[in-house]
Amino acid sequence: MPVWICATCAVEHPDTEEPPAICRICTDERQYARPTGQRWTTLRDLQAAGHRCQVTEVEPNLHGITVEPAVGIGQRALLFRTPHGNLLWDPTGFVDDDVVQELGELGGVHVIAASHPHMYGVQVEWSLAFGGAPVWVAEADRQHVQRQHDVIHYWSGVAEPLPGVTFVQCGGHFKGSAVAHWVGADGRGVLLAGDTISPTPDTRWVSFMRSYPNYIPLSAAAVRKVVQAVEPYDYDRIYGNFGNYVGANAKAVVRRSMERYISWIRGDFDADT
């Protein structure tokens, strides 16, 4: 039986004879169901339609994986290469033999994790393609996992899936929303943040939201909680999940962005509106 993939978010669902009636990821207020109705696809259908993965170097020991043409939300997955194994972060909603071979030449995949449920993609399929690599999922978001499997490992708070790589549960966008901290090839520190802490297009700011497509903000207290969760870690750069990034002084950017966000929520600039 096929593994069903939601055409809107590209999150995998159980391999049942018939697809589910709805995608619970998309009917949540943080995502959206298209007015044309629920549509499903499969890896075989996507491959037949010409979808392929593209792998590019982002910086030393960090590679991005995108799907062309885009599927679902269209995130860019990121591969950390470390001496102790590689982490695949925010896995895409498509995987095929070609990208498995290409990542194999980069050392393979030893741990898989997503910043939040919108980025689960076909995480179990990625795992099975790499010998059952563990898929780390925040316990707080367990109810959002649509395809249960023995490869899934639940965690909470702070975890170290590989030496030198730390998962930090920040909350905010989802209760289990997380970032991955890595010392980086230059030792100055990198955050893979998904949209838990989302870099803006001009690379000088980040922002925080409960829902990006539906423009639902977070409270000032929630934003402070997100930033406080990463305060103990040193990091110079932040990478989001759509190619967005902060290329230098990222920790200062996060602090400054928090203060700007809270100032607007508090009403400091209401005279300008």
Side-chain angles (χ1 to χ4, degrees), residues 1-56 63-79 88-104 109 112-133 135-137 141-152 173-174 194-195 211-214 240-243:
M1 290 183 289
V3 172
W4 299 103
I5 301 169
C6 174
T8 299
C9 68
V11 170
E12 63 188 353
H13 286 64
D15 49 343
T16 53
E17 186 171 341
E18 297 293 332
I22 61 170
C23 170
R24 296 191 182 280
I25 297 289
C26 290
T27 53
D28 179 90
E29 69 175 0
R30 284 161 285 202
Q31 179 57 3
Y32 54 89
R34 294 190 182 278
T36 51
Q38 179 67 52
R39 292 194 304 111
W40 299 96
T41 188
T42 67
L43 286 176
R44 179 177 293 181
D45 290 342
L46 291 171
Q47 189 164 13
H51 294 275
R52 299 291 183 269
C53 289
Q54 303 289 329
V55 181
T56 58
H63 287 72
I65 303 103
T66 55
V67 181
E68 301 294 340
V71 300
I73 295 172
Q75 72 257 36
R76 179 178 71 171
L78 290 165
L79 182 78
L88 179 67
W89 181 255
D90 283 347
T92 58
F94 177 76
V95 59
D96 63 11
D97 291 342
D98 290 341
V99 74
V100 171
Q101 179 176 341
E102 191 166 358
L103 296 192
V109 172
I112 298 168
S115 56
H116 66 287
H118 294 155
M119 299 292 112
Y120 286 165
V122 291
Q123 57 186 7
V124 171
E125 288 298 306
W126 274 103
S127 168
L128 298 177
F130 286 96
V135 176
W136 288 56
V137 171
D141 291 336
R142 179 190 285 261
Q143 72 272 27
H144 298 292
V145 176
Q146 303 304 304
R147 185 185 179 193
Q148 299 291 341
H149 198 281
D150 291 343
V151 298
I152 294 177
H173 186 39
F174 278 77
D195 49 19
S211 170
Y212 288 89
N214 297 323
N241 44 6
F242 296 99

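What you are looking at is a predicted structure, and each value in this text was computed from that prediction instead of being measured.
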Could you tell me the separation between the [atom1] atom of [X] and the [atom2] atom of [Y], rounded to the nearest 0.5 Å?
X: L103; Y: H63; atom1: CG; atom2: NE2; value: 9.0 Å
X: T27; Y: I22; atom1: OG1; atom2: CD1; value: 4.0 Å
X: I73; Y: C6; atom1: CD1; atom2: SG; value: 8.5 Å
X: E12; Y: Q146; atom1: CD; atom2: CD; value: 10.0 Å
X: E102; Y: C53; atom1: CD; atom2: SG; value: 9.0 Å
X: F242; Y: Q75; atom1: CZ; atom2: CD; value: 6.0 Å

Are there over 12 heavy-atom neighbours, none belonging to Q143, within less than 6.0 Å of that residue's CD? yes
Between I112 and F130, is a side chain to side chain contact (heavy atoms under 4.5 Å, CB included) present by the stated rule, with each step listed? CA-CA 10 Å; I112 298 168; F130 286 96; 5.7 Å; no
For residues [X] and [Y], report the shortest heavy-atom separation together with the two atoms involved.
X: P20; Y: H13; answer: CG-CD2, 4.0 Å
X: H173; Y: D195; answer: CD2-OD1, 3.3 Å
X: I25; Y: H144; answer: CD1-O, 3.5 Å
X: E125; Y: R147; answer: OE2-NH1, 2.8 Å
X: G194; Y: S115; answer: CA-OG, 3.6 Å

Side-chain donor-acceptor pairs of residues 91-100 under 3.5 Å, sequence neighbours excluded:
| unit_1 | atom_1 | unit_2 | atom_2 | d |
| --- | --- | --- | --- | --- |
| T92 | OG1 | F94 | O | 2.8 |
| T92 | OG1 | W126 | NE1 | 3.4 |
| D96 | OD1 | D98 | N | 3.3 |
| D96 | OD1 | V99 | N | 3.1 |

Heavy-atom side-chain contact between L128 and H149 under 4.5 Å: yes
Judged by atom type as modelled, is there a donor-acceptor pair below 3.5 Å linking the side chain of W4 to the main-chain atoms of T16? yes
Is there a donor-acceptor pair closer than 3.5 Å between any side-chain N or O of D141 and the backbone N or O of H116? no
Would you list the pairs meeting side chain to side chain donor-acceptor pair (under 3.5 Å) in which at least one residue belongs to residues 35-52, sequence neighbours left out? T42-D45
Between V3 and V122, does the side chain to side chain contact (heavy atoms under 4.5 Å, CB included) criterion hold? Intermediate values first, please. CA-CA 9 Å; V3 172; V122 291; 5.7 Å; no
Taking side-chain contact (heavy atoms from CB on, under 4.5 Å) as the definition, give me every residue that meets it alongside Y32, ordered by chain and number, with sequence neighbours left out. T8, R34, P213
